[in-house]
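We name chains A, B, ... by the order of the sequence lines, and we start the count at 1 in each one.
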2 protein chains.
Amino acid sequence: METTWEDRLRAAGLRVTRPRLSVLGVLAEHPHVDADTIATAARAVHPSISPQAVYGVLKALVGGGLARRIEPAGAPALYELRVGDNHHHLVCRECGVVADVDCAVGAAPCLTPSEAAGFVVDEAEVVFWGLCADCQVERRKHVLGSVESTEGVEA
Amino acid sequence: METTWEDRLRAAGLRVTRPRLSVLGVLAEHPHVDADTIATAARAVHPSISPQAVYGVLKALVGGGLARRIEPAGAPALYELRVGDNHHHLVCRECGVVADVDCAVGAAPCLTPSEAAGFVVDEAEVVFWGLCADCQVERRKHVLGSVESTEGVEA
DNA sequence: GCGTTGTCTTGAATGAGTCAAATGACGACG
DNA sequence: CGTCGTCATTTGACTCATTCAAGACAACGC
């Protein structure tokens, strides 16, 4: 990686501050994290950072195009640094783990609805729901142990 | 419509109660509504219904497969009665209006990620973000009236 | 170094949604 | 048709993520 975070912050018209560098550092290590986890991790390198500062920093980063906010249903918002490449996400129904999926098309909107009902679409957000590798193993163990089929997933 | 709501409730193993019929009635008239709006509208036919009862009813309906819950980013959850036909949604960035889009494929998951990273995918949730017809007109008016380009939508 | 302006801290508030105990209604069974 | 067990609703308090507001502070241009 050539361009530093400082450069990118400045390029986005944002000031370079310790809280922002801390948050960027955390995001660089953990691809998909929620605000609370970021606050905890950032406190390791900058102890006096407050939860609200994290929210402020994240809003600034998202506004400046340095970060992206994703909100999987039923979970707190997650933040990631991969922006500009219109990619999608795999979410585990069990543990909530998120993985990136490259978009075949590349440019947004990668999909076009058959009938747009007068809408002008600029982005197609795709979320793949399923079970991650770990949770599949876990699930299989339980099925073997006892009959627990409270699922009934239909089409 | 042949089968009544009573039949469907019973078929799902749920009791037939006035709050449930009220909520179903509201959902039948309004395709995409949040819990609070449902509570207000349902109160018109059943004044003593409480907000918590609405949550309980909705959870029962979703659990019984009679309703579906969708959670657009940055907005309270919406509920709809169209279930079973894997369709998707158009959401307006400005006013939050939601429209249905039929899925070309029909069966879930209608899409398959290129590399599933060990996930077993059972559903692909697609949300098309854009501007509805009304908000396009509104936006155009503002652009003509004054220079307000606080947007910067990229890619 | 100095001032301006944007950013962080501190503290409190909002709003969606949930949990728990007690009353009440549905519907099966007699 | 009446009784009873079970599920549903009511009432009330509570959690959690996120936001708002006012003052202290630090970054950047000069």
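- Residue B/Arg18 is out of contact with every strand shown, counting any heavy-atom pair closer than 4.0 Å.
- Among the nucleotides C/dG17, D/dA8, D/dT10, the one closest to any side-chain atom of B/Ala77 is C/dG17.
- At the phosphate of C/dG24, neither OP1 nor OP2 sits under 4.0 Å from any side-chain N or O atom of B/Arg15.
- Checking C/dC19, C/dT9, D/dT18 against every side-chain atom of B/Lys59, the shortest atom distance belongs to C/dC19.
- Across C/dG17, D/dT19, C/dG27, the shortest atom-to-atom separation from the side chain of B/Val16 is found for C/dG27.
- At distances below 3.5 Å, at least one donor-acceptor pair connects side-chain atoms of A/Gln136 with backbone N or O atoms of A/Leu131.
- Rounded to an integer number of Å, the gap from CD of B/Glu71 to P of C/dT18 is 9 Å.
- Between the side chain of B/Glu71 and the backbone N or O of A/Gly74 there is at least one donor-acceptor pair closer than 3.5 Å.
- One can place CZ of B/Arg20 at 19 Å from P of C/dG24, the figure rounded to the nearest angstrom.
- The pair B/Arg68-B/Asp85 fails the salt-bridge criterion, with no side-chain N (NZ, NE, NH1 or NH2) lying under 4.0 Å from an Asp/Glu carboxylate O.
- Remark: A/Ser48 is not in phosphate contact with C/dC8, judged by side-chain N or O atoms under 4.0 Å from OP1 or OP2.
- With rounding to whole Å, B/Ile49 atom CD1 is found 15 Å from C/dG24 atom C1'.
- With respect to B/Val57, the side chain to side chain contact (heavy atoms under 4.5 Å, CB included) criterion is satisfied by exactly one of B/Leu14, B/Ile38, B/Thr17, B/Val23: B/Val23.
- The shortest heavy-atom contact between A/Arg20 and A/Ala60 is NH2-CB, 3.9 Å.
- Taking every side-chain heavy atom of B/Thr17 into account, D/dA8 is the closest of C/dC8, D/dT10, D/dA8.
- Residues B/Asp36 and A/Val54 each lie close to DNA chain C; by heavy-atom proximity, the contact nearer the 5' end of the strand is made by A/Val54.
- The residue A/Ser50 sits close to a base: some heavy atom pair falls under 4.0 Å.
- Atom-to-atom, CG of A/Leu21 to P of D/dA26 comes out at 16 Å; the value is rounded to the nearest Å.
- With C/dT18, D/dA17, D/dT10 as the choices, the nucleotide that has an atom nearest any side-chain atom of B/Tyr55 turns out to be C/dT18.
- Where B/Ala35 and B/Leu14 meet DNA chain C, the nucleotide closest to each residue was compared, and B/Ala35 sits on the side nearer the 5' end.
- Across the protein-nucleic acid pair, A/Leu58 atom CG and C/dT7 atom C1' stand 14 Å apart, rounded to whole Å.
- Both B/Pro19 and B/Gln52 lie close to DNA chain D; mapped to their nearest nucleotides by heavy-atom distance, the more 5′-ward contact belongs to B/Pro19.
- The side chain of B/Arg10 sits closest to C/dG27 out of C/dT7, C/dG17, C/dG27.
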